[in-house]
There are 2 protein chains.
Amino acid sequence: MKVLIVEDDPLHRSYLHEAVNAALPECDTVIEAENGTAGEKLARDHKSAHIVMDLQMANRNGIEAARTIWKERPETRILFWSNYSDEAYVRGVSRIVPDGAAYGYVLKSASDERLKLALRSIFIESQCVIDREVRGLQQKSLGQTNGFTDSEYEILVDIALGLTDRAIAKRRGLSLRSVQNRLQQLYDKLDVYQSAGDDHEDGRFNLRARAVTVAFLRKLLNYSALERAEAELQEWLEGK
Amino acid sequence: MKVLIVEDDPLHRSYLHEAVNAALPECDTVIEAENGTAGEKLARDHKSAHIVMDLQMANRNGIEAARTIWKERPETRILFWSNYSDEAYVRGVSRIVPDGAAYGYVLKSASDERLKLALRSIFIESQCVIDREVRGLQQKSLGQTNGFTDSEYEILVDIALGLTDRAIAKRRGLSLRSVQNRLQQLYDKLDVYQSAGDDHEDGRFNLRARAVTVAFLRKLLNYSALERAEAELQEWLEGK
DNA sequence: CAACAAGCTGCGGGTTTACGCAAGACGGCG
DNA sequence: CGCCGTCTTGCGTAAACCCGCAGCTTGTTG
């Protein structure tokens with residue numbers, strides 16, 4: 001059995017290497033990549049079936065790398081190992097995992113034990129292992145109970161990118177008014193009003209900009225999500 | 001000699017610990033904190049004069065911790081050790097370093113050698129050591145050649161927070177029109193127009209929101225900068 | 001001192017946002 | 001089928017935003 005590690009921090013890389021060796025005696029080769037691009041290439045060359053992937057990497061982040069890898073070989077097992085449990089990451093990952101694929105999401109702050117257990121469960125037993133803390137988010141974000149609908153998230157991203165209402169309408173195939181409806185919905189859920197209305201009429205917020213900020217502070221959005229969205233936007237702009 | 005390490009990742013913490021031991025034989029005690037708050041407390045209790053500080057930490061980030069530490073004892077020597085060379089961090093640090101203080105800024109990607117050298121230079125020789133890559137940013141950001149003026153940066157932060165023009169005017173003691181002037185300046189520098197005007201009138205951007213995004217993508221802003229700014233804003237709001 | 005650049009300010013007006021109101025469209029459900 | 005909730009759309013309006021124009025205050029320079 002062969003395991004591919006994709007992680008840009010050398011310290012974490014060697015830590016992972018050791019953990020894999022310790023947890024998986026049946027693993028005879030470990031190869032390493034230090035960014036997403038290299039990871040994709042190695043995965044392709046070696047037809048890797050077992051991958052441990054960092055999410056936040058400079059060159060090309062884990063989500064994008066995983067997406068192309070899964071596109072080529074959907075049965076690949078990937079353990080995401082990340083510092084953060086931002087909703088943006090969680091949403092990003094669950095958006096790209098193929099049906100029935102075995103994968104995992106473990107936080108870097110988890111114990112050795114937990115990591116090793118996850119390695120075995122995913123790579124050997126083909127189970128899905130999602131860190132408890134992350135799991136909570138996933139429920140919330142996918143179930144529409146407390147969290148955000150896809151359409152709300154979508155429009156959040158759109159204004160975060162800086163599109164006008166009209167541009168959003170065109171992009172999403174809606175009328176101007178519908179876009180604005182969704183915006184209102186979003187503002188509502190993000191609680192942009194309370195801080196806005198406050199008391200006097202001086203301290204008012206620009207709802208649109210404020211919504212983005214609040215989303216950021218709540219980790220609904222993060223750098224990598226923005227980056228991805230921006231890339232998609234550019235693509236769309238070219239496709240006219 | 002005593003050294004305090006403030007770093008939330010255990011791996012990096014122990015790596016630093018070893019590096020300090022190797023580079024500074026005159027150091028007899030190393031103490032560790034795993035977030036900014038604990039770091040401040042330890043620094044106070046031990047009257048630490050030599051600190052290695054991570055910038056990005058969950059609880060309370062390095063910049064804030066450093067600020068309060070320096071406020072109490074400005075001659076403290078601090079080596080910032082960070083993953084990133086975002087302009088937002090660089091600006092944040094150079095904004096708080098006291099006159100004549102010895103400090104350093106080294107990237108985590110630097111070699112062992114470089115780190116050890118920096119440790120000795122700062123703690124023993126009282127020199128300032130700033131990583132080359134970071135240095136470049138610093139020049140650009142403080143010198144007004146290519147980068148952004150303080151007032152431009154300020155207004156960038158303000159719209160990122162989601163303030164209205166009027167609110168900004170009030171906060172900064174300017175007229176409405178002046179605020180808008182600065183905004184134009186900002187839009188100009190951020191190149192928000194080209195992508196906006198493009199060609200047809202469909203793909204237009206909302207300048208204000210777009211500016212924030214572009215700043216984010218260019219790492220002029222980042223999460224921690226936003227977080228800090230938000231805290232300051234709240235403070236201001238309460239002070240009326 | 002005159003000349004000039006840089007920043008602040010008010011005025012005016014075109015565009016975009018935010019949103020109430022109300023009329024359809026679509027899908028369950030008794 | 002009729003009732004109801006959710007989603008979409010158009011109309012209209014008040015506010016906010018973007019910005020050209022022009023007058024003022026500074027600080028700098030020859």
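Because the structure is predicted, anything quoted here is derived from the model rather than measured. Letters A, B, ... mirror the listed sequences (proteins, then strands); counts begin at 1.
- The listed nucleotides are dC19(D), dT17(C), dC17(D); the one nearest the side chain of N206(B) is dT17(C).
- Between the side chains of N59(A) and T37(A), at least one donor-acceptor pair of N or O atoms lies under 3.5 Å.
- In this structure, F205(B) places its CZ atom 14 Å from P of dT16(C), rounding to the nearest Å.
- By the 4.0 Å N-to-carboxylate-O rule, E154(B) lies close enough to R172(B) to be salt-bridged with it.
- Distances shorter than 4.0 Å separate none of the side-chain N or O atoms of S178(A) from OP1 or OP2 on dT8(D).
- Between the P atom of dT17(C) and the CG atom of L186(A) lies a distance of 15 Å, rounded to the nearest Å.
- Here the P atom of nucleotide dT8(D) and the CD1 atom of I168(A) are 14 Å apart, to the nearest Å.
- Residue contacts for R172(B): at a heavy-atom cut-off of 4.0 Å it reaches no nucleic acid atom on any strand shown.
- Side-chain N/O atoms of R177(A) and base N/O atoms of dG12(D) include no donor-acceptor pair closer than 3.5 Å.
- When only modelled atom types and interatomic distance are considered, E230(B) and Q234(B) share a side-chain donor-acceptor pair under 3.5 Å.
- Under 4.0 angstrom from either OP1 or OP2 of dA6(C) there lies no side-chain N or O belonging to Q185(B).
- A donor-acceptor pair is defined here as one N or O able to donate and one able to accept, closer than 3.5 Å; no such pair exists between the side chain of S48(A) and the backbone of H50(A).
- For the pair Q184(A) and G173(B), nearest-nucleotide mapping onto DNA chain C gives the more 5' position to G173(B).
- Distance, L174(B) CG to dG7(C) P: 13 Å, rounded to whole Å.
- L183(B) places its CG atom 15 Å from the P atom of dA16(D), with the value rounded to the nearest Å.
- Note on ring orientation: taking the six-membered ring where Trp is involved, the planes of F80(A) and Y105(A) are tilted (angle from 30° to 60°).
- Among the atoms of the strands shown, base atoms are found under 4.0 Å from some heavy atom of N181(A).
- Atom CG in L176(A) sits about 14 Å away from atom C1' in dG12(D), given to the nearest Å.
- In this structure, Y193(B) atom OH and dC18(D) atom C1' are separated by 8 Å, rounded to whole Å.
- Considering only side-chain N and O atoms, R182(B) lies nowhere under 4.0 angstrom from the phosphate OP1 or OP2 of dG7(C).
- Q180(B) has its CD atom 11 Å from the P atom of dG10(C), to the nearest Å.
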